[in-house]
Amino acid sequence: DRASEVRGVVAIAKSQRKQIHTDISSPGTAANGQPCTSFGMHPDLSNLQAMYNEGELSWFANIGTLVEPVTKAEYKSGSKELPPSLFSHNIQTRT
């Protein structure tokens with residue numbers, strides 16, 4: 001799968017990931033505009049999976065420091081504005 005390809009040797013096997021299914025009829029799910037119907041998370045997070053399934057937890061995916069959406073081609077060409085120190089975790093975590 002795509003996640004394993006991207007993460008390589010540090011990938012968690014798809015069969016081991018805790019599945020979150022968003023295709024149920026409740027706020028923030030696929031029926032209400034969620035961009036995916038399911039995703040996987042670390043196997044040690046079963047408590048969070050249970051909280052999500054019980055409606056006590058929300059997920060915010062793909063949040064970060066970008067100024068505006070940018071494709072790989074736009075990044076490489078420098079045609080979009082990027083935040084300072086992109087990919088520099090130690091700087092991006094400063095408060």
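- One distance of note links CD1 of I20 with CG of N53; it measures 5.5 Å at 0.5 Å rounding.
- Between the side chain of E81 and the backbone N or O of E68, no donor-acceptor pair lies under 3.5 Å.
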Donor-acceptor contacts under 3.5 Å from residues 8-17 side chains, at least two apart:
{"residue": "R17", "atom": "NE", "partner": "I12", "partner atom": "O", "Å": "2.9"}
{"residue": "R17", "atom": "NH1", "partner": "D1", "partner atom": "OD2", "Å": "2.9"}
{"residue": "R17", "atom": "NH2", "partner": "D1", "partner atom": "OD1", "Å": "3.4"}
{"residue": "R17", "atom": "NH2", "partner": "D1", "partner atom": "OD2", "Å": "3.2"}
{"residue": "R17", "atom": "NH2", "partner": "S4", "partner atom": "OG", "Å": "3.1"}
{"residue": "R17", "atom": "NH2", "partner": "I12", "partner atom": "O", "Å": "3.0"}

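- A distance-only check finds no donor-acceptor pair linking the side chain of E54 to the backbone of M51 [under 3.5 Å].
- Between K18 and H42, every side-chain heavy-atom pair lies at or beyond the 4.5 Å cut-off.
- The backbone N or O of P69 sits less than 3.5 Å from a side-chain atom of K80, completing a donor-acceptor pair.
- The nearest pair of heavy atoms linking L82 to L66 is CD2-CD2, 4.4 Å.
- Hydrophobic cluster membership differs between V67 and Y75, with clusters built from Ile, Leu, Val, Met, Phe, Trp and Tyr side chains linked at under 4.5 angstrom.
- Using a distance-only test at 3.5 Å, with no hydrogens or angles considered, no donor-acceptor pair links the side chain of Q19 to the main chain of S38.
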